[in-house]
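Quick notes on the structure that follows.
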Amino acid sequence: MELHITLPLTKEKAASLHCGDAVYLSGVLYTARDAAHQRLIALLEQGGTPPFPLEDAVIYYTGPTPAQPGQVIGSAGPTTSYRMDAYSPTLIRRGQRGMIGKGKRSPAVIQAMQEYGAVYFGAIGGAGALLATRIKQAKVIAFEDLGPEAIHRLVVEDFPVTVVIDSQGNSLYEVGRAAYLAQQNSEKTDAL
Amino acid sequence: MREISVNELIPVIRRLCIDANRRLPGDVKNAIMACRTCESWGPAQDILDKITENYTLAENQALPICQDTGLACVFIDIGQEVHLSGDLSAAVDEGVRQGYRDGYLRKSVVKDPLRRGNTGDNTPAMLYTRFVDGDRVMLTVAPKGFGSENMSQIKMLRPSDGEQGVLDFVVSVVEAAGPNPCPPIVVGVGLGGSFDKAALLAKRALLRETGKPNEDVYYAELEAKLLERINRLGIGPQGYGGRTTALSVAIETMPTHIAGLPCAVNINCHVARHATEVL
């Protein structure tokens, strides 16, 4: 399925997405990776107000390269998500609805996703120049001292992602690989 | 004795950092193209096309191919007939500093592994020097992304584990990595030496022209066997399923202890960057 979704990602929109869907996101994303997650969680634990509304937010795990003159942002592809596994369940319980990254997630993250109806999207790792063309505005809104790890508010148009793990807990990493291997096996059987 | 001031290396390192990050080497492009031809799975074909579109865009518009512009791994082969005057590692770091600043590359280095804190200029470089015959200096910059670096492993195998043990370990590392290191990957294997040498051999294996087999026919066959087993795993580009899990496997070896069979596996993503210049 190919779908166009306008952000924020409400629970209803999230529930309509299934593992393997090609999705084009438009609207506001927030960037955060290792150090920003650590600070966000510390802030929440101290009872502070997060620098952006967590409710229905989609967080993009990326640390972009610096923008060249005339550019909105530099290259901005996804970083590996499992490093955020320690923090994601807390953020999901606080309303975060979507994550964009690449690679596997922990059972605890997947359980929180199922419980609260969140979605994990994959963007193509190593395609940061191409992905940056869909980012129309970018602004650092918190933790500027972290440099590339600062939290950016991005406005994106038709940002291409794939639903890797849906709110039911189905994973493309399992389903996609199994489907490919099944096809290979059936070709082998046909050949016999 | 040929005299070279280390200051002459600074603009070269600067240029190599920028070039490596913007222009994918031809051998890697060819490997991606060859895999695209062999790939029969639709979603995998689509990803390989996007990857191709990305490196083409990066090259044409002078952008970093990937936002993880890496740790600057610098390899310098110094001819024994050359005298380098000045502080070599300071000069390399200055080249990296200038390259990452002027090339709008990401500064991805923290000054302490536990206490963190970005150094702000992507230094220090990971510098390896080697003495070779002749009067030339060969510099290679290989920016190394950490999504793939984090999926690398080393195991001190037993001599009795033999070839089968090596094959099984390498494949297990790739399978455990799954979608995390941005497949299709390039697999560097270091066999022999000591604990530390094996890791360095694996890293140096990643510098070899992608797809070029080992000159030793025995190891060339082992590389082919590994690539075939890895590409039967079904992980595919980005882990969404497909044939193309790895673009190539390169093995580098050296003598080792009678009790040992060190085996290091260094994984690189499809943005397998390296740029070289000879002075």
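Just so it is clear: chains get the letters A, B, ... in the order the sequence lines come, proteins before strands, and each one is counted from 1.
- Looking at A:R33, the atoms closer than 4.5 Å to chain B (heavy atoms on both sides) all sit in the side chain, from C-beta outward.
- Ranked by heavy-atom pairs under 4.5 Å with chain A, the first of B:N150, B:I47, B:D68, B:I235 is B:I235.
- In this structure a side-chain-to-backbone donor-acceptor pair under 3.5 Å is missing from A:D21 to A:V23.
- No other option in B:T56, B:N118, B:L63 has as many heavy-atom pairs under 4.5 Å with chain A as B:L63.
- For B:R116, no part lies under 4.5 angstrom from a heavy atom of chain A.
- Counting only heavy atoms from C-beta outward, the side chains of B:I51 and A:I124 approach each other to under 4.5 Å.
- The most heavy-atom pairs under 4.5 Å with chain A, out of B:R232, B:K107, B:E175, come from B:E175.
- The candidate from B:G178, B:G117, B:P179 with the greatest count of non-hydrogen atom pairs under 4.5 Å with chain A is B:P179.
- A donor-acceptor distance shorter than 3.5 angstrom exists from the side chain of A:D85 to the backbone of A:S106, with no hydrogens or angles considered.
- Interface remark: B:R22 contributes side-chain atoms only to the contact with chain A (heavy atom separation under 4.5 Å).
- Using a 4.5 Å cut-off between heavy atoms, B:L57 touches chain A through its side chain atoms alone.
- Side-chain atoms of A:H152 and A:P64, non-hydrogen and from C-beta on, do get closer than 4.5 Å to each other.
- In this structure, the portion of A:A67 lying under 4.5 Å from any heavy atom of chain B is its backbone and not its side chain.
- For the pair A:D166 and A:V163, the minimum side-chain heavy-atom distance is below 4.5 Å.
- Proximity to chain B (any heavy atom under 4.5 Å) is restricted, for A:Q71, to the side chain, taken from C-beta onward.
- Comparing B:N54, B:L105, B:L233 by heavy-atom pairs within less than 4.5 Å of chain A, the highest count is held by B:N54.
- A salt bridge is absent between B:K225 and B:E228: the closest approach of a Lys/Arg side-chain nitrogen to an acidic carboxylate oxygen does not fall below 4.0 angstrom.
- Minimum heavy-atom separation, B:Y104 to A:P69: OH-CD, 3.3 Å.
- Residue contact with chain B, scored on non-hydrogen atoms closer than 4.5 Å, involves the backbone of A:A123 exclusively.
- Judged by distance alone, the side chains of B:T119 and B:K111 never bring a donor and an acceptor atom under 3.5 Å apart.
- Interface remark: of the candidates B:C182, B:P64, B:A58, B:P64 forms the most heavy-atom pairs closer than 4.5 Å to chain A.
- Residue A:S81: no heavy atom, backbone or side chain, is found under 4.5 Å from chain B.
- Counting heavy-atom neighbours within 6.0 Å of A:Y24 OH, excluding the residue itself, gives a total of 12 or less.
- Residue A:V175: no heavy atom, backbone or side chain, is found under 4.5 Å from chain B.
- Both the backbone and the side chain of A:A127 come within contact range of chain B, each with at least one heavy atom under 4.5 Å from a heavy atom of that chain.
- A:T133 touches chain B through its side chain: at least one heavy atom from C-beta onward sits under 4.5 Å away, while N, CA, C and O do not.
- Only the side chain of A:Q183 has a heavy atom closer than 4.5 Å to any heavy atom of chain B.
- Of the atoms belonging to B:A44, not a single heavy atom falls under 4.5 Å from chain A.
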